[in-house]
Protein chains: 2
Amino acid sequence: MTEEPADSSNLRGGRKTRSAVTIYDLAQHLNLSPSTVSRALNKPGRISAKTEARIREAAKQLGYRRNPLAGALPTGKTRIVALVISDFSNPAYFEYVRGAEKVASQLGYTLVFTESQESPETEINAVQQLQTSADGILLVASRLSDSDIQELAETKPLVVSNRHVAGVASVAPEVAPGLRQAVEHLHGLGHRYVGYLSGPPASWMNRHRWNLVLNECVSLGISIVEVPTEAPTHDSGARAIDRIRASGVTAVLAYNDLMALGLLKECQRQGVAVPDELSLIGFDNIYGAELTTPALTTVQNPLHAVGEAAMLQLLKEIGDEAGNGQGSLATQLVVRESTSSPRL
Amino acid sequence: MTEEPADSSNLRGGRKTRSAVTIYDLAQHLNLSPSTVSRALNKPGRISAKTEARIREAAKQLGYRRNPLAGALPTGKTRIVALVISDFSNPAYFEYVRGAEKVASQLGYTLVFTESQESPETEINAVQQLQTSADGILLVASRLSDSDIQELAETKPLVVSNRHVAGVASVAPEVAPGLRQAVEHLHGLGHRYVGYLSGPPASWMNRHRWNLVLNECVSLGISIVEVPTEAPTHDSGARAIDRIRASGVTAVLAYNDLMALGLLKECQRQGVAVPDELSLIGFDNIYGAELTTPALTTVQNPLHAVGEAAMLQLLKEIGDEAGNGQGSLATQLVVRESTSSPRL
DNA sequence: TTGTAGGCGTTATCAC
DNA sequence: GTGATAACGCCTACAA
């Protein structure tokens, strides 16, 4: 024991150099063994109250911080959960992420966040990467194939959101009620020829919505057409105006608010009166939907609650009994000013 | 070597059970040493091309995935960066986060995300927690005191954003140009009595903006008053209307768009004509600002670029030479329809 | 070029 | 109740 580095810890330039205090340091400081320290800190009660107190005291004094990474090695549990989202350009996801993060941090999990920029390769890579460091993965609006997702789900707990995949846990808003209300609303106003402004063809949710709208319209005797678009964005919604006008529909259900608002804006630019000439219904109820004139009639999507529920589901898959979410996941029509009876 | 567990790896129920393949497994499989495998995978070139190829091949075959956590233990580098934001309820931060995440993932870093819900204790805990697992921290709109931040910055690389703290790296948009343009714009329109709808008193950025506006107004001979609010939100902006009307100002500069839009909405509800009776200028240029009628005149805040720049700065502090950001951080006035000459 | 040995900070399984 | 000791998966001198 010659030339013990002494207290090099505190004074090496003072910045970013002192290496962290470990349970080993504590043990040495107190003439105890590292295992005792570990136990005292993790399984309170299994150690004499007195020594436990001493240890906690010393830990505070020396500024001990547990190194979660080191702990993750023997246990295999990192208490990290990953959120991978295919496209984060829609502000609607904002609340989803907040909800998921809130639940995660409340239960002592760290949330890692990645956007895959719509690329399936990027997405699959990200997931595989993350799977080795996270306890579970939350896939939001994934662009992967069902079989890819099923395969990924075999390795580690995984939950998909805004989508359903056979054999994989999933959490999505109940879009049916809101959509039904929307179609009934239009029907009640007298619309008999309606357009569905479509989302991404590869999106499960888009096909799901289309099917619901289709069935509902058929059963009410409404003619319905699907109007394809390039992307689920504001601009793409605006560019759809030609197809919409050409179709002769009197009302439009849009895949999301971004598209509806883009279309609304373009209508105004081109002098198409909303709602007199064309009724418009969005989806999500993002910030901004109620700010326009006319304010947008839309379907409220409880994305904060969906994010919470999805994270809770994931933690359940991980094995952390976490209780159930509170908020309802049902969507609901919010009638504002962009819908009215069709002009004859 | 009796009862070697054989190939238990593949068949234990098939799900979530097979423990990951390690460099050790590869080494054994190839009759090499783990270190050779490690080198082949990390420092290409330092190993004979032939064996390196064999190793890579085997890695692919056996589905080897590096365990970043295990690697982080000896090196102390996790390639994790943490983003802690005090309040994520303003959609303006949306783009900031996207920018930061993009840069991080492009450089092979994983982004962990935490919202501290406006609570300084939560924030400081989160940072300390994260400091042991992350290579660096990005603090956005921190509610901590300068001295707390300075102290935290001594442990690990840390960058503050939307704020300046002596001795700590920081990245913030240049608000001066946009604010100057805004004041000049109002001055040019003939306004001589202006209100500043204030942000959080504890916010560095709020004080910074107020000082800039104050100086600019004084030098132009404009009377300026600071109108306090409860929170930087839509509702709080709406509730400020009484103070605004009572003050007699002819124009308002709001701390952010949320507040400006809230105030705008309330003006419309109460029959105050914007811009005829009251001119309104926001800040940030969030989605929604151009959707209102009248569309909101506001200051464009390049938050995506700020997020990128902040992350690049952080990586630089970490020691990862990462190049410089491209986008300008200057703000700029966007004149729309919520400003006009004051009615006499 | 490749192998050996030790350590990173924690947890877990034994003894005592 | 407490203490050795051996993992966990990877990295890195140092040795061969």
Side-chain angles (χ1 to χ4, degrees), chain A residues 5 9 17-56 58-59 62-80 108 129 131-135, chain B residues 5 9 17-56 58-59 62-80 129 131-135 156:
Chain A
S9 39
T17 319
R18 65 170 173 292
S19 57
V21 174
T22 73
I23 54 171
Y24 228 85
D25 299 328
L26 292 187
Q28 193 164 320
H29 183 75
L30 295 169
N31 277 331
L32 289 171
S33 97
S35 16
T36 307
V37 175
S38 173
R39 276 186 289 252
L41 264 24
N42 300 311
K43 343 224 170 179
R46 293 170 68 100
I47 242 75
S48 90
K50 200 177 295 181
T51 38
E52 181 176 334
R54 278 178 63 212
I55 292 176
R56 291 198 180 284
L62 306 197
Y64 166 75
R65 306 235 146 240
R66 181 173 184 283
N67 181 337
L69 274 52
L73 207 29
T75 60
K77 261 76 188 69
T78 61
R79 292 193 88 79
I80 291 175
Q129 208 67 44
Q131 273 188 331
T132 88
S133 1
D135 290 344
Chain B
S9 40
T17 319
R18 63 171 174 292
S19 56
V21 22
T22 73
I23 54 170
Y24 226 85
D25 300 329
L26 292 186
Q28 195 163 317
H29 182 76
L30 296 168
N31 278 332
L32 289 172
S33 97
S35 34
T36 305
V37 176
S38 172
R39 277 186 287 253
L41 265 23
N42 299 312
K43 344 221 170 187
R46 294 172 67 100
I47 243 73
S48 89
K50 200 176 294 182
T51 38
E52 181 176 333
R54 278 178 64 214
I55 293 175
R56 294 199 177 283
L62 306 197
Y64 168 75
R65 306 235 146 241
R66 183 174 184 281
N67 181 337
L69 273 50
L73 208 28
T75 60
K77 260 77 188 69
T78 61
R79 292 193 88 79
I80 290 174
Q129 208 67 43
Q131 273 187 330
T132 89
S133 2
D135 289 346
K156 277 256 177 114

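Chain naming here is simple, since letters A, B, ... match the order of the sequence lines and numbering starts at 1 in each. Nothing here was measured: the structure is a model prediction, and the numbers come from that model.
- Considering OG of B:Ser38 and CD1 of B:Ile47, their distance stands at 9.0 Å, rounded to 0.5 Å.
- Applying the side-chain contact (heavy atoms from CB on, under 4.5 Å) criterion to B:Arg56, with sequence neighbours excluded, gives B:Leu41, B:Pro44, B:Glu52.
- For A:Ser35, the side chain to side chain donor-acceptor pair (under 3.5 Å) partners at least two apart in sequence or on another chain are A:Ser33.
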Exercise. Heavy atoms under 4.0 Å is the rule here; annotate nucleotides 8-16 of chain D 5' to 3' with B where the base is hit, S where only the sugar-phosphate is, and - elsewhere.
Key: BBBSBB---
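- Shortest non-hydrogen contact noted between B:Tyr64 and B:Ile23 is OH-CG2, 3.5 Å.
- Annotation: side chain of A:Arg66 is in contact with side chain of A:Asn42 (closest heavy-atom distance under 4.5 Å).
- Checked against side-chain contact (heavy atoms from CB on, under 4.5 Å), B:Thr78 has the following partners two or more places apart in sequence or in another chain: A:Leu69, B:Ala72, B:Ile80, B:Asp135.
- Scanning DNA chain C 5' to 3' for nucleotides with an atom closer than 4.0 angstrom to a non-hydrogen atom of chain A gives a first and last hit of C:dG9 to C:dT13.
- Between the side chain of B:Arg54 and the main chain of B:Leu30, a donor-acceptor pair closer than 3.5 Å is present.
- When each of A:Leu32, A:Thr36, A:Val37 is tested with A:Leu26 by the rule side-chain contact (heavy atoms from CB on, under 4.5 Å), just one qualifies, namely A:Val37.
- Distances shorter than 4.0 Å separate some side-chain N or O of A:Thr36 from OP1 or OP2 on D:dG3.
- For the helix from C:dT1-D:dA16 to C:dC16-D:dG1, the end axes, each set by the C1' atoms of five terminal pairs, are bent relative to each other by 40° (nearest 10°).
- When every heavy atom of A:Ile55 is checked against every heavy atom of A:Ala40, the shortest pair comes out as CD1-CB, 3.5 Å.
- Taking every heavy atom of both residues into account, B:Lys156 and B:Gln131 meet most closely at NZ-O, 2.7 Å.
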